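First up is the structure itself, then whatever we jot down about it.
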Protein chains: 2
Amino acid sequence: MSTTAEASEQPRIPLNSERVLHAAVDIADEEGIESLTMRNLAHHLGVEAMSLYYHVENKAALLDGVVDVIISEIMEEVSTVDSPPPEDDWRRALRERILAARRVLLRHKWAPALIEQRSTMSPAVIFYFEGTLEILRRGGFSYDLAHHAMHALGSRALGFTQELFQPDDAAGEEASEEMFEAMADQLPYLAGMMIEIAHEGPDSTLGWCDDQTEFEFGLDVLLHGLESRLAASQ
Amino acid sequence: MSTTAEASEQPRIPLNSERVLHAAVDIADEEGIESLTMRNLAHHLGVEAMSLYYHVENKAALLDGVVDVIISEIMEEVSTVDSPPPEDDWRRALRERILAARRVLLRHKWAPALIEQRSTMSPAVIFYFEGTLEILRRGGFSYDLAHHAMHALGSRALGFTQELFQPDDAAGEEASEEMFEAMADQLPYLAGMMIEIAHEGPDSTLGWCDDQTEFEFGLDVLLHGLESRLAASQ
DNA sequence: ACCTGAACACCGTTCAAGT
DNA sequence: ACCTGAACACCGTTCAAGT
């Protein structure tokens, strides 16, 4: 799948932008997004770096294309869930849509940061939000309230939220804990929380993003709050 | 303030890490974060690039230091607001704290992305969250619920949320609109929303982040939702 | 103690050239 | 139509050396 193409005698299959983009996703998945360089990508495809520019305008366009691949994957995943019609239960329909999107991002942990970074107004992203808006409208939201709701959801609508501290390796976690202990006497509330809450191991699922239960808690708080607004508007 | 130090006959004031970090913030403010390179930073300080490594371990440490400068500025701003004691009105106290933090980020629009990117568990960040947790506790939250609440707030607790599409220049906006119009017939809900909602000009305040009214809407929805949870827990 | 110059290993990208 | 090689203008960083 992602084996580096070796110099072989077989006639070379010509590249196309689709193959380039999927190879880019594979590299990000397996080696991390920081390894996604033009030179490394070319190497994986058994080609010189400069050849990529025939299929992709530049690196920025490559990254936009990668985001599109991920969003397309999200669209596919979202289309497989069979929620109740939004007229019956918009809250459940929206919730399941968002959790489906999240499932895809769990397979590509580097993707949330990239999606935010590039804030791409691509067709794929637009279509995704069209579907989200449809649920809200069919659930009874005015355009105005639906618009606010989508802003309030923010990146959560796509299945992720950037969590502040989430050490990405064990070393980082250890360092944080040491620092924390050194300051514990000046941090009565945090210290109290640490004592009371069983720090239940590495449940974090989306890299430096939140883990599943926290994501669902925050999502449900928002959905509940939005429901109040909807009720007040009707 | 940020003028490049010229070759002058005055005896050179020796650098220190504080001056380095503040110069770095100035560069990010005035030239954009992408202009914050070791070489450019050194040039602004009238020094060779290699000199910086005497005061800062490497670029990663520089960026962590820059984040700390911003968080310190937030701490200062937050300390100037005189909210009611959280025992009387935790919701207002928390709201005003968050909006104060946001005011600082509006002065450093590049900062939210950097803060997320580096997810630094620095003393400054920890102290900020200690203060947030204090409000929740004194407002009646259990440690467990307060913990969930802080996750639910996420980066909003620091005064920002990363909005998905927010074109950063006029050209980008125009391009998006063209694309949108080309697809309008396949996007009935988004098209309907566009028609109904007056697209009230460039109100966006935090770069590709949300504008002030949307931020407050989302914040209030969350605070309301959290209040429900609190009431249910008491 | 503080700063420098040359050099290295990387980037993305251009341009003219090959098949 | 598709790919390449050499070169350019950048990065962050090392290391040995200067004052």
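From a predicted model like this one, the values you see are computed outputs, not experimental measurements. Sequence lines set the chain letters: A, B, ... in the order given, protein chains first and strands last, and positions in each chain run from 1.
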Problem - Y54(B) vs dC3(C): side-chain N/O to OP1/OP2 distance below 4.0 Å - result: no
Practice task
Using atom CG of L15(B) as one end and atom C1' of dT4(C) as the other, report the distance to the nearest whole Å.
Solution key: 14 Å
Completion exercise
When L52(A) and K59(B) are each assigned the nearest nucleotide of DNA chain D, the 5'-most assignment goes to L52(A)
Problem - Short side-chain N/O contact to dT4(C) OP1/OP2 from S51(B), under 4.0 Å - result: yes
Problem - Nucleotide dC10(C), atom P - distance to CG of N40(A) in whole Å - result: 11 Å
Exercise for the section: Could you check which of dC3(D), dT4(C), dC3(C) has an atom nearest any side-chain atom of V47(A)? Expected result: dC3(D)
Practice task
Compute whether any side-chain donor of one residue and acceptor of the other, for H108(A) and D29(A), lie under 3.5 angstrom apart.
Solution key: yes
Practice task
Establish, with yes or no, whether the OP1 or OP2 oxygen of dT14(C) is under 4.0 angstrom from a side-chain nitrogen or oxygen of Y53(A).
Solution key: no
Fill in the blank from the handout: Taken to the nearest whole Å, CG/N58(A) to C1'/dC11(C) is 14 Å
Practice task
Classify the side-chain pair E31(A)/H44(A) by whether it contains a donor and acceptor separated by less than 3.5 Å.
Solution key: yes
Practice task
Find out whether E216(B) and T213(B) are in side-chain contact, i.e. whether some heavy atom of one side chain is under 4.5 Å from a heavy atom of the other.
Solution key: no
Problem - For dG12(D), the Watson-Crick or wobble partner whose two distances fall under 3.5 Å - result: dC8(C)
Problem - Separation between CD1 of I71(B) and OH of Y128(B), rounded to the nearest 0.5 Å - result: 8.5 Å
Practice task
Using whole Å, report how far CD of E48(B) lies from C1' of dT4(C).
Solution key: 7 Å
Practice task
Could you tell me the separation between the CG atom of L41(A) and the P atom of dG12(C), rounded to a whole number of Å?
Solution key: 10 Å
Practice task
Nearest-nucleotide wise, let me know which of H55(A) and R39(A) is further upstream toward the 5' end of DNA chain D.
Solution key: H55(A)
Practice task
Looking at every strand, decide which applies to M38(A) at a 4.0 Å heavy-atom threshold: base, sugar-phosphate, or nothing.
Solution key: sugar-phosphate
Handout entry: Lys/Arg N to Asp/Glu carboxylate O, R107(A) vs E77(A), below 4.0 Å
Key = yes
Fill in the blank from the handout: Between CG of L63(B) and C1' of dC11(D) the distance, given in whole Å, is 13 Å
Problem - Pairing nucleotide - dC3(D), Watson-Crick or G-U, each distance under 3.5 Å - result: none
Completion exercise
Rounded to whole Å, the NE2-P distance (H43(B) to dC10(D)) equals 13 Å
Exercise for the section: Under 4.0 Å between any heavy atoms, over every strand shown, what does T37(A) touch: base, sugar-phosphate, or nothing? Just pick one. Expected result: sugar-phosphate
Handout entry: d(CG, L45(A); C1', dC2(D)) in whole Å
Key = 14 Å
